[in-house]
Amino acid sequence: MKVKNILSLACSFIGEEEIADLIETMPDDERIAKLLKIFNLVRNEVASEFLPVLESEELDIKDFKLPFSAFKFKPLKINMVKDRFGRKLKFRAFPDYLMVQANRAKVTYSYQPAEVNLEDEIYDNLPERVYAYGVAREYLMREGMFEDAEIFEVRFKNSLQVLLRKNSSTILARRRWV
C-alpha cells in the first residue's frame, strides 16, 4: 500500500479534501509534510506498542559483549537469544551492549521502522484504514479538536485489537447427560 493513499484516506475521514487534492498536485506542501510526519509517528507507535517489527541476526560475540552497533537495526527490545543449536540463552541488556555467554548467537529483536516518504510502498500487515484512523486521530489532536480525535482514537484502538486478536477456537467442555 502506498503512503499517499493512506494520507488521502485520512484526509477524507477528517473532511480535508483540499489537502487530499494537494497530495497529487503539490506533494511539497507543508501540510502534506505535516501529515507525513504524523504517519511516521503513528507507524512507530504501532510498531512499538502493538505489532513489533522483528529481525533475527546471527552475530559473533567477543568477550561476552555484543555491542548494539553490530546489529543491522537499532534494537528496541531483545526478544530472544539462541545458540547455534537453537537453545535459548540467558542475556542481560545494558545501554550500549548485550551480555551473552556465548561466542555466536542468533538474536531476535524488535526495531523501529525507518521513516517513509509520500511515494513509498509499505508492506505491513495492517490495512490502510487502520493507519488512516491513527493519522486522523493525531491530526485532530494537534488541531485542538479533542472530541473528534477521541472518535478516531476509539476506532484506531478497536481496529488494532480486532486485527491482532489471535484466531483461537473456543472449545466447549464435554456435556454429560444427567
Side-chain angles (χ1 to χ4, degrees), residues 1-11 13-14 23 27 32-62 65-100 102 104-142 149 152-168:
M1 68 186 121
K2 283 204 174 265
V3 174
K4 68 180 181 179
N5 295 344
I6 295 169
L7 297 183
S8 293
L9 185 59
C11 288
F13 286 163
I14 58 178
I23 291 173
I32 306 299
K34 180 180 177 181
L35 279 175
L36 186 59
K37 188 174 184 179
I38 289 171
F39 172 77
N40 282 311
L41 178 76
V42 169
R43 187 165 180 233
N44 286 333
E45 176 186 354
V46 169
S48 62
E49 295 179 27
F50 301 103
L51 188 66
V53 182
L54 299 176
E55 178 70 26
S56 290
E57 292 184 57
E58 281 198 37
L59 300 162
D60 291 322
I61 303 168
K62 294 179 183 171
K65 290 183 179 181
L66 181 58
F68 289 131
S69 60
F71 291 91
K72 189 178 354 176
F73 303 106
K74 184 179 180 191
L76 284 176
K77 178 184 175 192
I78 305 295
N79 292 9
M80 188 181 324
V81 179
K82 291 184 176 183
D83 66 7
R84 62 183 178 156
F85 302 111
R87 295 179 297 215
K88 288 185 180 179
L89 296 173
K90 291 184 179 181
F91 64 91
R92 190 160 176 203
F94 291 93
D96 297 330
Y97 63 92
L98 194 65
M99 177 82 73
V100 181
R104 187 163 179 79
K106 182 176 183 179
V107 181
T108 303
Y109 61 95
S110 63
Y111 65 93
Q112 197 168 7
E115 289 195 4
V116 294
N117 294 316
L118 198 58
E119 294 295 327
D120 287 344
E121 189 88 21
I122 59 169
Y123 302 99
D124 293 350
N125 293 332
L126 295 178
E128 292 178 352
R129 173 183 52 82
V130 177
Y131 279 121
Y133 287 155
V135 171
R137 171 208 61 184
E138 194 67 30
Y139 180 85
L140 290 169
M141 284 181 71
R142 289 179 182 211
F152 287 102
E153 170 77 12
V154 170
R155 289 180 183 176
F156 179 62
K157 298 286 172 117
N158 287 345
S159 297
L160 283 170
Q161 287 176 350
V162 167
L163 289 168
L164 300 177
R165 187 179 312 146
K166 292 183 178 178
N167 277 341
S168 61

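Bear in mind the structure is a predicted one, so any value in this text is a computation, not a measurement.
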More than 12 non-hydrogen atoms from neighbouring residues, nucleotides or ligands closer than 6.0 Å to [atom1] on [X], yes or no?
X      : atom1 : answer
Lys65  : NZ    : no
Met141 : CE    : no
Lys34  : NZ    : yes

Electrostatic pair Glu55:Lys74 at N-O distance under 4.0 angstrom: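 No.
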Check this for me, if you would: do Glu58 and Lys106 make a salt bridge, where the nitrogen-to-carboxylate-oxygen distance has to be below 4.0 angstrom?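 Salt bridge absent between Glu58 and Lys106.
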With Leu51, the side-chain contact (heavy atoms from CB on, under 4.5 Å) member among Asp124, Leu160, Leu126: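 Result: among Asp124, Leu160, Leu126, Leu126 is the only option passing the side-chain contact (heavy atoms from CB on, under 4.5 Å) with Leu51.
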Go through Ile6 and Met1 one step at a time and tell me if the side chain to side chain contact (heavy atoms under 4.5 Å, CB included) criterion holds. CA-CA 8 Å; Ile6 295 169; Met1 68 186 121; 3.8 Å; yes
Show your working on ring-ring contact (aromatic ring centres under 6.0 Å, His included) between Tyr133 and Phe156 and close with a plain yes or no. CA-CA 5 Å; Tyr133 287 155; Phe156 179 62; 7.9 Å; no
Can you name the salt bridge (Lys or Arg N to Asp or Glu O under 4.0 Å) partners of Glu115, sequence neighbours left out?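 Counting only residues at least two positions away or on another chain, Glu115 forms no salt bridge (Lys or Arg N to Asp or Glu O under 4.0 Å).
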Partners meeting salt bridge (Lys or Arg N to Asp or Glu O under 4.0 Å) with Asp60 (sequence neighbours left out):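 So Asp60 forms a salt bridge (Lys or Arg N to Asp or Glu O under 4.0 Å) with Arg104.
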Would you say the rings of Phe39 and Tyr131 are close, in the sense that their centroids are separated by under 6.0 Å?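 Yes; Phe39 has its ring centre under 6.0 Å from that of Tyr131.
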Would you mind listing every salt bridge (charged side-chain N to carboxylate O under 4.0 Å, His left out) that reaches into residues 77-87, with sequence neighbours excluded?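 As it turns out, the salt bridge (charged side-chain N to carboxylate O under 4.0 Å, His left out) pairs with a partner in residues 77-87, which skip direct neighbours, are Asp83-Arg87.
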Taking [X] for its side chain and [Y] for its backbone only, find out whether a donor-acceptor pair lies under 3.5 Å.
X      : Y      : value
Glu57  : Lys72  : yes
Asn40  : Leu36  : yes
Asp120 : Asn117 : yes

Is Arg137 close to Val42 at the side-chain level, that is, under 4.5 Å between some pair of heavy atoms?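 Yes, side chains in contact.
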Taking the six-membered ring of Tyr139 (Phe, Tyr or Trp), confirm whether the NZ or CZ of Arg142 is under 6.0 Å from its centre and within 45° of its axis.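 Relative to the ring axis of Tyr139, which defines the angle, Arg142 lies outside at least one limit.
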